[in-house]
Peer 1: 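Before I ask anything, let me first share the structure, which is written out below as structure tokens.
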Amino acid sequence: KLDTQSLYGKVPIGIARLAKRNCIPAIAFTGKIEGDLTLVKKEGLELVLPIVDAAMSLDDALINGKELLYRASRRFIETIQFTKSIREER
């Protein structure tokens, strides 16, 4: 889960802060997003993406985490490719 409490010790925020200091954009894939992520984004996370793509129990999400992360990363890559193709057409 990623929320404002994540500012106080979760690894993705530490990585985002390090990336920001080095001018490297950072994204996070998470099981769940809660609340306003404005402060999280100010810490260096440019994009936060949930991996759960359908209603499911926590147990199902944990059991299927590897597949959910794979599918979310594929959607992310496809979005980048789509954006790139649109820009090339202009």
Peer 1: Looking at every heavy atom in both A26 and A19, which two are closest together, and how far apart are they?
Peer 2: CB-CB, 4.0 Å
Peer 1: What is the minimum heavy-atom distance between I13 and S6, and which atoms define it?
Peer 2: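 The answer is CG1-O, 3.2 Å.
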Peer 1: Does some side-chain heavy atom of L47 sit less than 4.5 Å from a side-chain heavy atom of F76?
Peer 2: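 They are in side-chain contact.
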Peer 1: Show me the donor-acceptor pairs, under 3.5 Å and distance only, between side chains in residues 77-88 and residues at least two apart or in other chains.
Peer 2:
from	atom 1	to	atom 2	distance (Å)
T79	OG1	R75	O	2.8
T83	OG1	T79	O	2.9
S85	OG	F82	O	2.8

Peer 1: Within a strict 4.5 Å, meaning less than it, do heavy atoms of the I27 and L45 side chains meet?
Peer 2: no
Peer 1: Got V40 and L7 here, is their nearest side-chain heavy-atom distance under 4.5 Å?
Peer 2: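 Touching, per the 4.5 Å side-chain cut-off.
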Peer 1: Who pairs with D36 by side-chain contact (heavy atoms from CB on, under 4.5 Å), at least two apart in sequence or on another chain?
Peer 2: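 Checked D36 against side-chain contact (heavy atoms from CB on, under 4.5 Å); matches are T38.
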Peer 1: Nearest 0.5 Å, what's the CD1-CG distance between I51 and N64?
Peer 2: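 Going from the CD1 atom of I51 to the CG atom of N64 covers 9.5 Å.
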Peer 1: Run L2 and E34 through side-chain contact (heavy atoms from CB on, under 4.5 Å) and show every step you take.
Peer 2: CA-CA 6 Å; L2 198 66; E34 276 189 6; over 6 Å; no
Peer 1: If you compare all heavy atoms of V52 against all heavy atoms of A61, which two are closest, and at what distance to 0.1 Å?
Peer 2: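 The pair with the smallest heavy-atom distance is CG2-CB, 4.3 Å.
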Peer 1: List the steps and the verdict of side-chain contact (heavy atoms from CB on, under 4.5 Å) for L68 and D53.
Peer 2: CA-CA 7 Å; L68 291 168; D53 56 5; 3.6 Å; yes
Peer 1: When you group the ILVMFWY residues by side-chain heavy-atom contacts below 4.5 Å and let the links chain together, are L39 and L49 in the same group?
Peer 2: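 Cluster IDs for L49 and L39 differ.
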Peer 1: Spell out, yes or no, whether Y8 and V48 are grouped together once hydrophobic residues are joined by side-chain heavy atoms under 4.5 Å, including indirect joins.
Peer 2: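 They do share one cluster, since a chain of ILVMFWY contacts under 4.5 Å joins Y8 to V48.
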Peer 1: Suppose the criterion is side-chain hydrogen bond (donor to acceptor under 3.5 Å, both in side chains): which pairs have a residue in residues 10-30, not counting sequence neighbours?
Peer 2: R17-E43
